[in-house]
Number of protein chains: 2
Amino acid sequence: MARRSARTRSLREACLAEALAIVEEKGVEMLSLREVARRLGVSHQAPYRHFPSRDHILAELVSAAFAAFAAHLDRARAGREPAQELEALGRAYLDYAARHPLQYRLMFGTPLPDPAQHPDMMRNARHAFAVLQAALGRHPPALGGPPGYDDINLEALFVWSAIHGVASMMQTDAVATLGLSSRVLAASPAHSMARMRTALAHLPIRAATRRRSRS
Amino acid sequence: MARRSARTRSLREACLAEALAIVEEKGVEMLSLREVARRLGVSHQAPYRHFPSRDHILAELVSAAFAAFAAHLDRARAGREPAQELEALGRAYLDYAARHPLQYRLMFGTPLPDPAQHPDMMRNARHAFAVLQAALGRHPPALGGPPGYDDINLEALFVWSAIHGVASMMQTDAVATLGLSSRVLAASPAHSMARMRTALAHLPIRAATRRRSRS
DNA sequence: GCGGTTGGTAGACAATGTCTACTCAATCGG
DNA sequence: CCGATTGAGTAGACATTGTCTACCAACCGC
């Protein structure tokens, strides 16, 4: 009954590939182990030989997605001069989100399997963040003195949040129904990036490293 | 068999209330019409008398969530002077998202029922956006000349995206696993808002209204 | 050769959304 | 006042899903 061709390489790989395909074409919530098995021409229980539960296969998909995402960012950044690094990262981020919307939603939009039970799932999320941290550390106006860890992290969170906001907003049903002109919608990402640029260009105070910032 | 008390007011209302309760305590994906029925002590088909499908009840929840959200923003804004309006809006936004995370995810995080088939669902989303648009229109540095619709919309999208990014990021599993100090995490929203403030304080060019901005 | 492991199958179970058939009461036209 | 209609709720069924358990058939080291 089982389609042999699919098992040339271990069924495990095939399951992951097929699951990813389903996620990319129909979204996470449509991912079903039975559908995976059906597509591979194996029994509905075959995938359970390789994954203890749906969450486990999901965790691997998330992990792979973060890996691909981080690699994409890394590629975009590599070789640039510090001045253009952040710009390139931002563009690459939005580009990735726009090109793989469902994969992006998989990483940032859905309740993920408990990270505590799937320790490797987030490894490459950390890597992606590290890329951003490093780029910010090299960003000319950002710092002068010591590494100032907290400052960089605050800045990194701001940049990441803002970019994520744009990427996420553009996929939301909400914006689509606001009746905005397509001109505005198309210009919005670039505009937001411009705003972030000016925000970073005018770094006013280094709040976090000052013990008592205002009192 | 049916618990009469629940039907004092029409079962319809009761279903919506119970469904909202489920969403708020377990998340959208855990919402099941059968569970609603069970909690209300009615047969599993009773809700279908009032809602043609799960999507229809979901659409009403989304609508109600947007209404509450918009009202919250409106309340926060009311009576402020233009200079503090945006600030108050931002704070209120983040406050709402932090206090009703699952409801926030309901509005912005999940694949919603097709808006085309549930026309009223997004009405209050538009209202919330309108509040922001209006506040930006009154924001001192933002404009000088004519209404400049596109400019305001671009700015509104930027502000909304950035704030949404912060709200959404703070709920993501991703940030939790970055190993950031709780000090940074706690300071992040305020920091991001500060950055947005400087971004808006230094409005450089009005890109959208210039016919050909760069070529 | 033989016992265990490895990878796969088949059947069952409960939960869910949804369809259809039914019951029962209220209401309303005549 | 009576019978038909309709509104509201019940009950049973079906397909789909995740997951459990039992089974089977190679294969591999001893």
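Chain identifiers are assigned alphabetically (A, B, ...) following the order of the sequence lines, protein sequences preceding nucleic acid strands; residue numbering begins at 1 within each chain.
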Rounded to the nearest angstrom, tell me the gap between atom CE in Met30(A) and atom P in dT16(D). 13 Å

Glu81(A) atom CD, over 12 foreign heavy atoms within 6.0 Å: no

Would you mind reading off the distance between Glu35(A) atom CD and dT16(D) atom C1', rounded to a whole angstrom? 11 Å

Length of the CG-P vector between Asp55(B) and dG17(C), whole Å: 11 Å

Integer-rounded Å distance: dT16(D) C1' and Arg54(A) CZ: 13 Å

Could you walk me through whether His56(B) and Tyr48(B) satisfy the side-chain hydrogen bond (donor to acceptor under 3.5 Å, both in side chains) test, starting with their C-alpha distance in whole Å, then the side-chain angles of each, then the deciding distance to 0.1 Å, before giving a yes or no? CA-CA 10 Å; His56(B) 283 77; Tyr48(B) 278 84; over 6 Å; no

Is it the case that dG8(C) (base atoms only) and Arg49(A) (side chain only) share a donor and an acceptor within less than 3.5 Å, ignoring hydrogens and angles? yes

Rounded to whole Å, the CZ-P distance (Phe51(A) to dT6(C)) equals 16 Å

Toward the 5' end of DNA chain D, by each residue's nearest nucleotide, Ala46(B) or Ser32(A): Ala46(B)

Determine whether a donor-acceptor pair (one donor, one acceptor, N or O, separation below 3.5 Å) exists between the side chain of His44(A) and the base of dG8(C). no

Nearest whole Å is fine: how far is dT16(C) P from Arg39(B) CZ? 11 Å

For dT18(C), does either OP1 or OP2 sit under 4.0 Å from a side-chain N or O belonging to Tyr48(B)? yes

Quick check on Arg126(A): does its CZ atom have over 12 non-hydrogen neighbours (other residues, nucleotides or ligands) under 6.0 Å away? yes

Hey, is CZ on Arg77(A) packed in by over 12 heavy atoms from elsewhere, all under 6.0 Å? yes

Starting at atom CG of Leu40(B), determine the distance to atom C1' of dG9(D), rounded to an integer number of angstrom. 13 Å

When the nearest nucleotide of DNA chain C is assigned to Pro52(B) and to Arg34(A) on a heavy-atom basis, which residue is associated with the more 5' position? Arg34(A)

Check every strand shown and say whether Leu31(B) touches a base, only sugar-phosphate, or nothing at a heavy-atom separation below 4.0 Å. sugar-phosphate

Using a cut-off of less than 4.0 Å, is there contact between a side-chain N or O of Arg38(A) and OP1 or OP2 of dT17(D)? yes

Does any part of the side chain of Met193(A), heavy atoms only, come nearer than 4.5 Å to the side chain of Glu87(A), both counted from C-beta? yes

Could you give the CZ-to-P distance, from Arg12(A) to dT6(C), as a whole number of Å? 14 Å

